[in-house]
Amino acid sequence: MKIYNTKTRSKEDFIPLEAGKLKLYACGPTVYNYFHIGNARAFIFFDVVRRYFEYLGYEVSYVQNITDIDDKIIEQAIAENKDFSQIAAYYADAFLEDSRRLGIKPPTVQPRATEVMQEIIALIKELEDKGFAYEVNGNVYFDTGVLDTYGSLSGKKIEEQLAGARVIENTEKKHPADFTLWKASKPGEPVWQSPWGEGRPGWHTECVVMSQQHLGRSFDIHGGGIDLVFPHHENENAQAMALSGKPLARYWMHNGFLNVDGDKMSKSLKNFFTARDILKEYPAEAIRFFFLSKHYRSPIDFSKELMTESHKAVQNLHSALALMDESAAPESTEHSEIQAIETKFRDGMNDDFNTAKAIASLFELASIIRNSKLETPLRQAAAKSLLELGSVLGFFQEELAPAETSLPDLSAYLIEMILRYRSEARANKDWALSDRIRDELKELGIEIKDSPEGTKWSINK
RNA sequence: GGCGACAUAGCCAAGUGGUAAGGCAGAGGUCUGCAAAAUCUCCAUCCCCGGUUCAAAUCCGGGUGUCGCCUCCA
């Protein structure tokens, strides 16, 4: 199993801290709005990471935080004229709902920042006590100058960044790279009591607290979008290094960004799609296929055309699966063709989650299922394998199956159609047929009356 | 200015030294009274130039082009 580690910028063999167990943390949303299709990529990808480790037999602890206190939430609360906690609660619910509809398996734990406020304050205090933080006017900053490993995750050299820096000078900080741990509150903002007065935590501390609380001081994999490498993950890691001298996580995984029709997705370009919007037009499986058909670290270009293609491709797998009853596959029989394909699937996944290669093996199974020249037990076994491997990628979840095609009420239209045929029968003097139609409709409670103006019908129960 | 990614058929996309996975679209066949569905078959030498090698899409050098990060952001 090889994983590309952002920290070393190379693929490394994955070795868990504890054999047979995976401790995984991936950054969740800040709940100030519905999450967008780019966020969905990260959530779906780490869902697949989790599912694959479970497939391999690991006991997985997967923690995903929910940031429910943040500047953006406060801004949104002001915009909607509500309390920040109402906004956070509403969009946190929306996040859980949309995640479910995308077929994302609920993480083991989904802690919220406001639930761990005392722990956050305690961690900042510890940093201060150890000399890694300083307070100015009720704001507490991390002192990057004291930690010699600062920048080791993202590969940033602080001095070099300064040349082209467009950062607005914050005169309180000792160094421009120093980041906020605790923010003194302004009037009207939500507050918590702390040793430095009333305020609220900076974004970077909460993830350290929530991850360490559930996974230990150092854990296996920390994930998120590529944009989080700097400064968010750098700053998270800096706090862990300052506290214990150990990195927060051994492997850092980052998924690539999503563009829309070649441009960065943004509200001003009107190419901004929430996951909720896309789910109205395409099934969750199509969205999942779209993301997994490309390597997770590559940038991906979103378009409706590609979504339609992905939808068709998924339907292709479903139609193959429908041909054979996988539950009829003999339990004990082994087929070398299928084992070879399963090995290919695992080889792909073991190579830094090459989901595109893994998907190709699903189609190879589909072609075995379709090949009527092959023995039925082999084809059944292929169906069984397709179901199992597809599930590792999150496909074929029954609860995601589209609802029964619901038709509008067509009964009136259908009755008119039947009556047109009855009129043809009468014109041909086929009284036997026309009478039979009248009698059968009557049994259904529909009464027919022929008149010079044409045939009238009414419901007569 | 600093750091980094990418360039494979009409489209999407695997492939990191041994002669191009898979999907979508397209073409042709089978099946069918017709249509649809289903099914089978076909469809690329890898941005340009130079180099290394018995052998390169894959390594090295030089171009050209596209994109990202350095600021809240998955």
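In what follows, every chain begins at residue 1, and chains take the letters A, B, ... in the order their sequences are listed.
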Listed once per pair and sorted, the ring pair (Phe, Tyr, Trp, His ring centres under 6.0 Å) pairs that draw on residues 364-393 of chain A, sequence neighbours left out: none

Contact list for RNA chain B against residues 1-10 of chain A - heavy-atom distance below 4.0 Å: A/Arg9

Any-strand Watson-Crick or G-U partner of B/U71, both distances under 3.5 Å: none

Plane angle bin for A/Tyr91 and A/Tyr34 - parallel if under 30°, tilted between 30 and 60°, otherwise perpendicular: perpendicular

Pairing partner (Watson-Crick or G-U wobble, both distances under 3.5 angstrom) of B/U16: none

Nearest-angstrom distance from the residue atom OH of A/Tyr25 to P of B/A74: 13 Å

Interatomic distance at C1', B/C34 relative to B/A21, whole Å: 39 Å

Stretch residues 339-349 of chain A: residues that reach within less than 4.0 Å of RNA chain B through a heavy atom: A/Lys344

Verdict with supporting geometry, A/Glu281 and A/Lys304, salt bridge (Lys or Arg N to Asp or Glu O under 4.0 Å): CA-CA 9 Å; A/Glu281 288 183 61; A/Lys304 296 289 178 74; 3.1 Å; yes

Separation of A/Tyr150 OH from A/Asp143 CG (nearest 0.5 Å): 11.5 Å

A/Lys183: side-chain hydrogen bond (donor to acceptor under 3.5 Å, both in side chains) partners, not counting sequence neighbours: A/Asp71

Nucleotide forming a Watson-Crick or wobble pair with B/A9, both distances under 3.5 Å: none

Donor-acceptor pair between A/His204 and A/His233 side chains, under 3.5 angstrom: no

A/Arg276/A/Asp98 under salt bridge (Lys or Arg N to Asp or Glu O under 4.0 Å): CA gap, chis, key distance, verdict: CA-CA 6 Å; A/Arg276 190 165 278 213; A/Asp98 292 347; 3.0 Å; yes

Working for salt bridge (Lys or Arg N to Asp or Glu O under 4.0 Å), residues A/Lys357 and A/Asp351: CA-CA 10 Å; A/Lys357 192 170 178 179; A/Asp351 182 15; 5.9 Å; no

N-O pairing of A/Glu97 and A/Arg100 below 4.0 Å: yes

Distance, rounded to the nearest Å, where A/Phe257 contributes CZ and B/C70 contributes P: 9 Å

Distances under 3.5 Å only, N/O to N/O: pair up the protein atoms with those of nucleotides 15-17 of chain B.
| from | atom 1 | to | atom 2 | distance (Å) |
| --- | --- | --- | --- | --- |
| B/G15 | OP1 | A/Asn354 | ND2 | 2.8 |

Any-strand Watson-Crick or G-U partner of B/U58, both distances under 3.5 Å: none

Length of the CD1-P vector between A/Ile300 and B/C11, whole Å: 17 Å

Nearest-angstrom distance from the residue atom NE2 of A/His254 to P of B/A5: 15 Å

Which residue lies more 5' along RNA chain B, comparing A/Glu364 with A/Ala42 via nearest heavy atoms: A/Glu364

Whole-Å gap separating C1' (B/A14) and CG (A/Asn350): 16 Å

Sugar-phosphate only, base, or nothing, as touched by A/Gly224 at under 4.0 Å among non-hydrogen atoms: sugar-phosphate

Nucleotide nearest A/Phe230 when distance is taken to its side chain, options B/C70, B/A14, B/G68: B/C70

Interatomic distance at P, B/C6 relative to B/G61, whole Å: 15 Å

Watson-Crick or G-U wobble partner of B/C46, both distances under 3.5 Å: none

A/Lys294 vs B/U8: side-chain N/O to OP1/OP2 distance below 4.0 Å: no

Integer-rounded Å distance: B/U71 C1' and A/Asn235 CG: 13 Å

Table please: side-chain donor-acceptor pairs of residues 385-393 of chain A below 3.5 Å, with sequence neighbours left out.
| from | atom 1 | to | atom 2 | distance (Å) |
| --- | --- | --- | --- | --- |
| A/Ser385 | OG | A/Glu342 | OE2 | 2.6 |
| A/Ser391 | OG | A/Leu387 | O | 2.6 |

Any strand: nucleotide that pairs with B/A21 via Watson-Crick or wobble, under 3.5 Å: none

Partners meeting side-chain hydrogen bond (donor to acceptor under 3.5 Å, both in side chains) with A/Ser10 (sequence neighbours left out): A/Thr8

Qualifying ring pair (Phe, Tyr, Trp, His ring centres under 6.0 Å) pairs with a residue from residues 345-391 of chain A, counting only residues at least two apart or across chains: A/Phe45-A/Phe353

Sugar-phosphate only, base, or nothing, as touched by A/Glu305 at under 4.0 Å among non-hydrogen atoms: nothing

For A/Glu234, salt bridge (charged side-chain N to carboxylate O under 4.0 Å, His left out) partners two or more places apart: none

Rounded P spacing from B/A36 to B/G26 in Å: 12 Å

Spatial distance of atom CD (A/Gln64) from atom CZ (A/Arg50) [nearest 0.5 Å]: 10.0 Å

Can you tabulate the close N/O pairs, meaning under 3.5 Å, that link protein atoms to atoms of nucleotides 36-40 of chain B?
| from | atom 1 | to | atom 2 | distance (Å) |
| --- | --- | --- | --- | --- |
| B/U39 | OP1 | A/Arg370 | NE | 3.3 |
| B/U39 | OP1 | A/Arg370 | NH1 | 2.5 |

Whole-Å gap separating C1' (B/A21) and CG (A/Leu365): 14 Å

B/C43 versus B/G29 - spacing of their C1' atoms, nearest Å: 15 Å

Salt bridge present between A/Glu54 and A/Lys105 (N-O < 4.0 angstrom): yes

Touch class at under 4.0 angstrom, heavy-atom based, for A/Leu228 against every strand present: sugar-phosphate

Spacing of A/Lys264 atom NZ relative to B/A74 atom C1', expressed in whole Å: 11 Å

Which residues share a side-chain hydrogen bond (donor to acceptor under 3.5 Å, both in side chains) with A/Ser336, sequence neighbours left out: none

B/C34: pairing nucleotide in any strand, Watson-Crick or G-U under 3.5 angstrom: none

Residue whose closest nucleotide on RNA chain B lies nearer the 5' end, A/Arg297 versus A/Ser361: A/Arg297

Residues A/Arg288 and A/Asp47 bridged, charged N to O under 4.0 Å: yes

Distance (rounded to the nearest 0.5 Å) between A/Ile121 CD1 and A/Leu123 CG: 11.0 Å

Sugar-phosphate only, base, or nothing, as touched by A/Leu258 at under 4.0 Å among non-hydrogen atoms: base

Lys/Arg-Asp/Glu bridge criterion (N-O < 4.0 Å) met for A/Lys2, A/Asp13: yes

Paired nucleotide for B/G28 [Watson-Crick or G-U wobble; both distances under 3.5 Å]: B/C40

Between the protein and nucleotides 23-27 of chain B, list the N/O to N/O atom pairs that are separated by less than 3.5 angstrom.
| from | atom 1 | to | atom 2 | distance (Å) |
| --- | --- | --- | --- | --- |
| B/G23 | N2 | A/Glu309 | OE1 | 2.8 |
| B/C24 | OP1 | A/Asn316 | ND2 | 2.9 |

